[in-house]
J.: 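Structure in structure tokens, see below.
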There are 2 protein chains.
Amino acid sequence: MDERQALASFGALSQETRLQIVRMLVVAGPDGMAAGTIAEKLEVSPSNVSFHLKELDHAGLVRQQREARSIIYTANYDALGGLVRFLMEDCCAGHPEICAPAVEVAACCIPTEGKLQ
Amino acid sequence: MDERQALASFGALSQETRLQIVRMLVVAGPDGMAAGTIAEKLEVSPSNVSFHLKELDHAGLVRQQREARSIIYTANYDALGGLVRFLMEDCCAGHPEICAPAVEVAACCIPTEGKLQ
DNA sequence: TCCATAATTCAACAATCCTTGAAATGTTGA
DNA sequence: TCAACATTTCAAGGATTGTTGAATTATGGA
């Protein structure tokens with residue numbers, strides 16, 4: 001993730017509807033959600049949700065695939081992980097304060113005791 | 001960090017000059033930098049850097065304090081850490097893919113073997 | 001006090017972003 | 001093929017955001 005991509009990602013996440021979409025898709029997991037379902041859950045018009053999904057797609061934060069009549073959107077975990085990493089990169093060396101809370105949350109993901117990679 | 005604060009933070013970080021300011025301040029550490037120094041380094045006009053610093057201040061990402069004639073800005077590590085945490089919160093439970101790269105970066109911050117809190 | 005320095009505020013304008021409903025595209029089943 | 005469905009695209013507007021230079025506020029030293 002370079003600065004250009006991070007800027008686009010931050011821009012995409014800085015709008016309420018789009019942030020809600022991403023959070024919903026992350027919770028939804030690999031099965032994703034159809035555009036219409038997203039619009040329904042968030043009580044947003046189809047054309048509006050389509051606009052925001054396009055923005056998220058341009059930022060690389062979601063992926064889409066057609067499934068019959070619906071288009072299924074899924075969160076792009078690589079991009080989201082890359083963004084978290086970008087946010088932490090400059091900090092971790094000199095300023096563990098920023099990384100500490102993240103490490104706390106990530107505790108569940110750490111595979112073995114002390115061994116991280 | 002609630003959703004409202006996260007939205008403001010993402011908005012603040014979605015502008016090139018502001019993202020550069022934050023990254024500079026994070027690297028600068030607790031000593032921070034004067035507004036004029038920031039303007040000079042980034043080759044931006046004083047009034048423009050002032051505008052962006054105000055935006056970052058409103059988002060809570062920087063702190064300011066007067067020092068003689070200068071106003072010193074510092075990164076708000078709590079806010080940045082909170083934002084990282086917010087980005088990871090929904091993911092870590094079901095989708096360690098997002099947290100894994102973060103954990104990798106954060107390796108340096110993990111205090112003892114496997115013990116995280 | 002007066003001047004130079006450091007930074008912010010203001011107003012105006014340009015550019016970008018968001019929302020809306022109507023029209024268009026693509027898909028499925030009868 | 002035709003009709004219904006799911007979604008996107010388009011154009012228009014209103015709202016927000018970014019940039020600029022001039023004016024303003026605040027500080028410290030002569």
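Every value quoted in this text rests on a predicted model; they were computed, and no experiment measured them. Lettering of chains follows the sequences in order, A, B, ..., and the numbering in each one begins at 1.
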J.: Hey, does the side chain of S70(A) come within less than 4.0 Å of dT7(D)'s phosphate (OP1/OP2), counting only N and O?
T.: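 It does, given that an N or O in the side chain of S70(A) lies less than 4.0 Å from OP1 or OP2 of dT7(D).
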
J.: Measure the spacing between CG of L42(A) and CZ of R18(A) and express it to the nearest 0.5 Å.
T.: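 Going from the CG atom of L42(A) to the CZ atom of R18(A) covers 13.0 Å.
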
J.: Can you find a side chain N or O atom of Y73(B) that sits less than 4.0 Å from OP1 or OP2 on dT8(C)?
T.: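 For dT8(C), OP1/OP2 do have a side-chain N/O of Y73(B) under 4.0 Å.
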
J.: When you get a sec, tell me which of dT8(D), dG26(C), dA6(C) is the closest nucleotide to the side chain of L53(A)?
T.: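 Nearest to the side-chain atoms of L53(A), counting from C-beta on, is dT8(D).
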
J.: So, does H52(B) get its side chain near the phosphate of dT19(D), meaning an N or O under 4.0 Å from OP1 or OP2?
T.: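 H52(B) to dT19(D) OP1/OP2: side-chain N or O found under 4.0 Å.
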
J.: Can you confirm whether more than 12 heavy atoms, excluding those of E3(B), are under 6.0 Å from its CD atom?
T.: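 Correct, the count exceeds 12.
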
J.: In whole Å, what is the span from the CZ atom of R66(B) to the P atom of dT25(D)?
T.: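 Taking CZ of R66(B) and P of dT25(D), I get 14 Å after rounding.
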
J.: Between dT7(D), dT19(C), dG18(D), which nucleotide gets closest to the side-chain atoms of N48(A)?
T.: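 The listed nucleotide nearest to N48(A)'s side chain is dT19(C).
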
J.: How far apart are the closest heavy atoms of Q5(B) and D2(B), and which atoms are they?
T.: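 Taking every non-hydrogen atom into account, N-OD1, 2.9 Å.
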
J.: Taking OP1 and OP2 of dT19(D), is either one under 4.0 Å from a side-chain nitrogen or oxygen of Q15(B)?
T.: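 Q15(B) to dT19(D) OP1/OP2: side-chain N or O found under 4.0 Å.
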
J.: How long is the gap from CD1 on I21(A) to CG on L56(A), to the nearest 0.5 Å?
T.: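 Between I21(A) CD1 and L56(A) CG, I get 5.5 Å after rounding to 0.5 Å.
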
J.: What is the distance from CD1 of I72(A) to P of dG26(C), rounded to the nearest Å?
T.: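 Roughly 19 Å, once rounded to whole Å.
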
J.: Could you give the CD-to-P distance, from E16(A) to dA15(D), as a whole number of Å?
T.: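 Checked: the CD to P distance equals 18 Å.
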
J.: Are any of R69(B)'s side-chain N or O atoms less than 4.0 Å away from OP1 or OP2 of dA26(D)?
T.: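 Answer no for this pair, as no side-chain N or O of R69(B) is under 4.0 Å from OP1 or OP2.
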
J.: Figure out the CG/P separation between L13(A) and dC17(C), and round it to whole Å.
T.: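 Taking CG of L13(A) and P of dC17(C), I get 15 Å after rounding.
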
J.: Starting from P on dT19(C), measure out to CG on L42(A) and report it in whole angstrom.
T.: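 The distance from CG of L42(A) to P of dT19(C) comes to 12 Å, rounded to the nearest Å.
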
J.: As a test of reading the structure: which of dC18(C), dT9(C), dG21(C) is closest to the side chain of S47(B), going by heavy atoms?
T.: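 For S47(B), the side-chain atoms sit closest to dT9(C).
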
J.: From CD1 of I38(A) over to C1' of dT8(D), roughly how many Å is that when rounded to an integer?
T.: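 For the pair I38(A) CD1 and dT8(D) C1', the rounded distance is 14 Å.
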
J.: Taking only the side-chain heavy atoms of A34(A) (C-beta and beyond), determine which of dT7(D), dT8(D), dT28(C) contains the nearest atom.
T.: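 Given the options dT7(D), dT8(D), dT28(C), the side chain of A34(A) is closest to dT7(D).
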
J.: Which listed nucleotide (dC18(C), dT8(C), dT7(D)) is nearest to the side chain of A35(B)?
T.: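 Nucleotide nearest to A35(B)'s side chain: dT8(C).
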
J.: What is the separation between atom CD on Q64(A) and atom C1' on dA6(D), rounded to the nearest whole Å?
T.: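 It works out to 13 Å between those atoms.
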
J.: Donor-acceptor pair, distance only, cut-off 3.5 Å: does the side chain of T37(B) make one with the backbone of M33(B)?
T.: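 Not confirmed, T37(B) side chain does not pair with M33(B) backbone.
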
J.: Write down the distance between CG (L56(B)) and P (dT8(C)), rounded to a whole number of angstrom.
T.: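 Going from L56(B) (CG) to dT8(C) (P), I get 12 Å.
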
J.: Closest nucleotide of DNA chain C for E67(A) versus for K54(B): which of these residues is on the 5' side?
T.: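 Comparing both residues, the 5'-ward one is K54(B).
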
